[in-house]
Novice: 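Following this message is one structure expressed as structure tokens.
Owing to the predicted nature of the structure, the values given are computational and were not obtained by experimental measurement. Residue numbers run from 1 in the order of the sequence given.
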Amino acid sequence: MTTASPSVFLLMVNGQVESAQFPEYDDLYCKYCFVYGQDWAPTAGLEEGISQITSKSQDVRQALVWNFPIDVTFKSTNPYGWPQIVLSVYGPDVFGNDVVRGYGAVHVPFSPGRHKRTIPMFVPESTSKLQKFTSWFMGRRPEYTDPKVVAQGEGREVTRVRSQGFVTLLFNVVTKDMRKLGYDTGPADTQGVSGPSLPQGFPQ
């Protein structure tokens, strides 16, 4: 009896939210969640997580190291809506309130193998000086009610934002049955860690 051809493919992602660089801030923690299209469904692992609080390293780099694990498996019938991971970083302000220190998002790498990504983070800005002062005085900074909007283009163009810090992620990606369904993700990377080359001034 012949085996039926698969109708879904699997995407397995593990790795870690490795570290961050926020020169102005310390004692930060990170939340992550995945955003994906309606044809996708998680089958194992965790879609979201929250890390421990970390302090800056005492060396020259002053890195904030989390090494917070990611492990999730998705199934899908087509690649439209390929998963993105959305990161939100929080830390205390001068009054001790937890405020957002950065948002960022990146697609899970398309090709199998080990990948490193450095994500530029940003925060929403108040539109007027009065709002800025009020939010500082009240300890309420502008933030998104749902961080998942970071991964969606709709309405983002009306948000005023400011760049702030970087987060480094490590991904190990495995796919199953994509070729059988006619999708070519290219050869697995055999050179170890791959990733886009970073422009001058980006932290390594």
Novice: Pair Val17, Val167 - check side-chain contact (heavy atoms from CB on, under 4.5 Å), show working.
Specialist: CA-CA 8 Å; Val17 182; Val167 174; 3.9 Å; yes
Novice: Judged by atom type as modelled, is there a donor-acceptor pair below 3.5 Å linking the side chain of Asp93 to the main-chain atoms of Gly96?
Specialist: yes
Novice: Would Arg101 pass as a cation-pi partner of Tyr25, given that its NZ or CZ must be under 6.0 Å from the six-membered ring centre and within 45 degrees of the axis?
Specialist: yes
Novice: State, yes or no, whether a side-chain contact exists between Phe68 and Gln52 at a heavy-atom distance under 4.5 Å.
Specialist: yes
Novice: Under the side chain to side chain contact (heavy atoms under 4.5 Å, CB included) test, which residues partner Leu46, sequence neighbours left out?
Specialist: Tyr32
Novice: Can you tell me how far OH of Tyr90 sits from CG of Asp98, rounded to the nearest 0.5 angstrom?
Specialist: 9.0 Å
Novice: Do the non-hydrogen side-chain atoms of Tyr29 and Thr54 ever get within less than 4.5 Å of each other?
Specialist: no
Novice: With the side chain counted from C-beta on, respond yes when Pro120 and Ser163 share a heavy-atom pair under 4.5 Å apart, and no when they do not.
Specialist: no
Novice: Measuring from His107:NE2 to Ile85:CD1, what's the distance to the nearest 0.5 Å?
Specialist: 12.5 Å
Novice: Please check: side-chain N/O of Thr118 versus main-chain N/O of Thr168, any donor-acceptor pairing under 3.5 Å?
Specialist: no
Novice: Do Val174 and Leu170 sit in the same hydrophobic cluster, where Ile, Leu, Val, Met, Phe, Trp and Tyr count as joined when their side-chain heavy atoms come under 4.5 Å apart?
Specialist: no
Novice: Check whether Val108 and Leu181 end up in the same hydrophobic cluster, where Ile, Leu, Val, Met, Phe, Trp and Tyr are linked by side-chain heavy atoms less than 4.5 Å apart.
Specialist: yes
Novice: Looking at Gly102 and Val123, what are the two nearest heavy atoms and their distance?
Specialist: N-CG1, 3.6 Å
Novice: Report the distance from atom OG1 of Thr43 to atom CE of Met12, rounding to the nearest 0.5 Å.
Specialist: 8.0 Å
Novice: Do Asp59 and Ser57 have side chains that approach each other closer than 4.5 Å (heavy atoms only, starting at C-beta)?
Specialist: yes
Novice: With sequence neighbours left out, what residues match Phe171 under ring pair (Phe, Tyr, Trp, His ring centres under 6.0 Å)?
Specialist: none
Novice: Kindly compute the distance separating CG (Leu87) from SG (Cys33), expressed to the nearest 0.5 Å.
Specialist: 8.5 Å
Novice: Got a sec, which pairs hit salt bridge (charged side-chain N to carboxylate O under 4.0 Å, His left out) with one end in residues 15-40, sequence neighbours left out?
Specialist: Glu18-Lys116
Novice: Roughly how far, to the nearest 0.5 Å, is CG of Leu11 from CE of Met178?
Specialist: 7.5 Å
Novice: Considering non-hydrogen atoms only, spot the tightest contact between Val89 and Trp66 and give its length.
Specialist: CG2-CH2, 4.0 Å
Novice: Measure the shortest side-chain to side-chain distance between Arg162 and Phe122 over non-hydrogen atoms and say whether it is less than 4.5 angstrom.
Specialist: no
Novice: So, for Thr175 and Pro112, which heavy atoms are closest and what is the spacing to 0.1 Å?
Specialist: OG1-CG, 3.7 Å
Novice: Examine Val65 and Met121 and state if one hydrophobic cluster contains both, with Ile, Leu, Val, Met, Phe, Trp and Tyr joined whenever side-chain heavy atoms are less than 4.5 Å apart.
Specialist: no
Novice: Go through the side-chain N and O atoms of Tyr183 and Asn78 and say whether any donor and acceptor fall under 3.5 Å apart.
Specialist: no
Novice: Going hydrophobic residue to hydrophobic residue with side-chain gaps under 4.5 angstrom, can you get from Phe110 over to Val173?
Specialist: yes
Novice: Listed by chain and number, what are the side chain to side chain contact (heavy atoms under 4.5 Å, CB included) partners of Pro42, not counting sequence neighbours?
Specialist: Tyr36, Glu47, Phe74
Novice: For Trp40, what residues pass the ring pair (Phe, Tyr, Trp, His ring centres under 6.0 Å) criterion, not counting sequence neighbours?
Specialist: Phe9, Trp82
Novice: Between Gln21 and Arg61, is a side-chain contact (heavy atoms from CB on, under 4.5 Å) present by the stated rule, with each step listed?
Specialist: CA-CA 8 Å; Gln21 292 195 306; Arg61 294 183 316 137; 4.2 Å; yes
Novice: Among residues two or more places apart or on two chains, list those pairs meeting salt bridge (charged side-chain N to carboxylate O under 4.0 Å, His left out) that have a residue in residues 80-92.
Specialist: none
Novice: Check for me, please, whether Val100 and Val149 land in the same ILVMFWY cluster - side-chain distances under 4.5 Å, paths through other members count.
Specialist: yes
Novice: Side-chain contact, heavy-atom cut-off 4.5 Å: Leu169 with Ile119?
Specialist: yes
Novice: Which heavy-atom pair separates Lys56 from Pro23 by the least distance, and what is that distance?
Specialist: NZ-O, 2.7 Å
Novice: With rounding to the nearest 0.5 angstrom, report the OG to NZ distance, Ser7 to Lys75.
Specialist: 8.5 Å
